[in-house]
Structure formats: C-alpha cells, structure tokens
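Computed from heavy atoms alone, side chains included, the values below leave out hydrogens, waters and symmetry copies.
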Amino acid sequence: MFAPPAHTERMVRLYRERFEHYGHGAAADAVVGLGAQAFVRTRSQDAISEYTRLMGSSPTMGGYSVPEYMKATPLAVGSPQEVIDKILTYRDYAGTIQRLLFNIDSGGMPPAIASEQLQLLATEVLPTLRREMTPTDPPAVPITHAERVRAASLSLQPTLD
C-alpha cells in the first residue's frame, strides 16, 4: 500500500511463481489482492490541498509532499477520474487484480471525512473500477468462499474406478 510499484511488482511475481510451483494452478490464475489508499474530492486541487492538510505531516509520507508521494507510491489523491486512472495503473505492474483493500482512515482521519470518502468511493469510483477490472473470463481458481467450499466438496467425492 505504501511501497513503490517496483516492490509490489516483485512481490506479486514471486507470489504467482510460488502459486504455480506448489501446484495450485497457472501463475496467471493466482488470486491477487492489493491495498490502495485513496482520497477523493470533486476537484483534484481540493483533494490535494485537503489531504495535505490532514496527512501531510504523517510519518508515512516520509517528508515528501503529497504530489511527490503520489508519484512514488500507489497513493491516489484527486478527482474521481484521477483516482480511477491511478488505480487502473496497478495492473501495469501487478497484472489482473481480484481484490482491492482501501485504507480510508489512516493516520487519524476524522470520522466524518472518512465517511465522506466511503460515500465518494462507493458512488464515484468503485462502479468504474468494477467494470474495468472484472475479468471477462471466469477465474480458473475459486475466489469466493462459496466457490472454494463447492470445489472442496467436489474434490472430496469418491470416484468410481
């Protein structure tokens, strides 16, 4: 979530290689989830200004300005379209992503603002991300709990030889 994309790319590549190595399926079929940190406002200037006021002195920022930190990490701060565009770049270094975990209230984000962020993400960002990031082919590996239970029960069925 706070690491440069090159670090995440290496981790995802290793995970996919080990997934295949241990016989869980093809590397490309490994279920990948990433953490994302986003802050959304209608206007990008407002988002950067407010996020800087709220989080600019956070130790997580490492002394970087918000725009510098955004260039170096997956942090997405801006208008809904800018946040969408940034998150879609995650695929450039991680491939197909099945799960995203958003950090909304890091560093003591005031609850009212965190609530606004959830609302903006739910209405302005997530519908497009779901549409753009949902694979067109069904996954080779079960990714929901119900699918995993169903697959496990099928593998436990006795075979008639």
Side-chain angles (χ1 to χ4, degrees), residues 1-41 47 51 55 58-60 69-161:
M1 187 176 308
F2 304 111
H7 176 76
T8 303
E9 180 179 21
R10 288 190 304 272
M11 287 191 319
V12 171
R13 185 175 47 248
L14 177 62
Y15 166 69
R16 289 181 188 279
E17 289 170 2
R18 303 289 42 186
F19 182 87
E20 185 170 274
H21 173 81
Y22 285 105
H24 298 295
D29 295 330
V31 176
V32 172
L34 294 181
Q37 187 171 1
F39 191 83
V40 186
R41 288 291 182 227
Y51 192 79
M55 306 302 294
S58 168
T60 305
Y69 198 75
M70 286 171 40
K71 284 181 185 175
T73 70
L75 175 64
V77 177
S79 69
Q81 189 60 54
E82 287 171 318
V83 169
I84 290 164
D85 291 344
K86 175 74 180 240
I87 291 171
L88 290 177
T89 68
Y90 295 4
R91 299 180 298 184
D92 296 343
Y93 55 87
T96 302
I97 302 164
Q98 287 86 0
R99 299 286 189 266
L100 279 172
L101 172 67
F102 283 93
N103 181 356
I104 301 298
D105 63 350
S106 67
M109 181 78 61
I113 294 174
S115 180
E116 291 171 358
Q117 290 302 300
L118 286 172
Q119 182 67 27
L120 285 165
L121 279 169
T123 59
E124 303 293 327
V125 174
L126 294 181
T128 301
L129 290 179
R130 282 191 185 104
R131 187 172 52 253
E132 294 293 323
M133 296 179 86
T134 300
T136 55
D137 296 327
V141 177
I143 59 173
T144 67
H145 179 69
E147 290 168 340
R148 289 180 186 277
V149 168
R150 191 177 324 84
S153 70
L154 293 175
S155 69
L156 296 175
Q157 299 296 321
T159 58
L160 302 173
D161 291 348

Looking at Arg16 and Ala94, would you say the former's side chain and the latter's main chain have a donor-acceptor pair under 3.5 Å? yes
Is Ile113 close to Phe39 at the side-chain level, that is, under 4.5 Å between some pair of heavy atoms? yes
Can you give each donor-acceptor pair under 3.5 Å made by side-chain atoms of residues 121-132, sequence neighbours left out, with the distance rounded to 0.1 Å?
from, atom 1, to, atom 2, distance (Å)
Thr123, OG1, Gln119, O, 2.9
Thr128, OG1, Arg131, NH2, 3.3

Enumerate the side chain to side chain donor-acceptor pair (under 3.5 Å) contacts for residues 86-96, please, sequence neighbours excluded, ordered by first and then second residue. none
Is it true that Tyr51 and Gln37 share a donor-acceptor pair across their side chains at a distance under 3.5 Å? yes
Closest heavy-atom pair, Leu88 versus Met133, reported as atoms and distance to 0.1 Å, is CD2-CG, 3.7 Å
Quick one: list whatever passes side chain to side chain donor-acceptor pair (under 3.5 Å) with Glu116, sequence neighbours left out. Arg41
Rounded at 0.5 Å granularity, tell me how far CG in Asp85 sits from OG in Ser79. 7.5 Å
Kindly compute the distance separating CG (Leu101) from CG (Asn103), expressed to the nearest 0.5 Å. 7.5 Å
Closest contact, heavy atoms only, Pro5 versus Ala72: CD-O, 3.5 Å
For Arg99 and Leu34, what are the C-alpha separation, side-chain angles and deciding distance, and is it a side chain to side chain contact (heavy atoms under 4.5 Å, CB included)? CA-CA 6 Å; Arg99 299 286 189 266; Leu34 294 181; over 6 Å; no
Shortest non-hydrogen contact between Ile87 and Ala76, atoms and distance: CG1-CB, 4.4 Å
Partners of Glu17 by side chain to side chain donor-acceptor pair (under 3.5 Å), sequence neighbours excluded? none
Check side chain to side chain contact (heavy atoms under 4.5 Å, CB included) between Ala28 and all other residues, then give those that pass, not counting sequence neighbours. none
Donor-acceptor contact present, side-chain Gln117 to main-chain Val40, <3.5 Å: yes
List in chain and number order the residues that pass side chain to side chain donor-acceptor pair (under 3.5 Å) with Arg18, two or more places apart in sequence or in another chain; answer none if no residue qualifies. His21
CG-CZ distance between Asp29 and Phe19, expressed to the nearest 0.5 angstrom: 6.5 Å
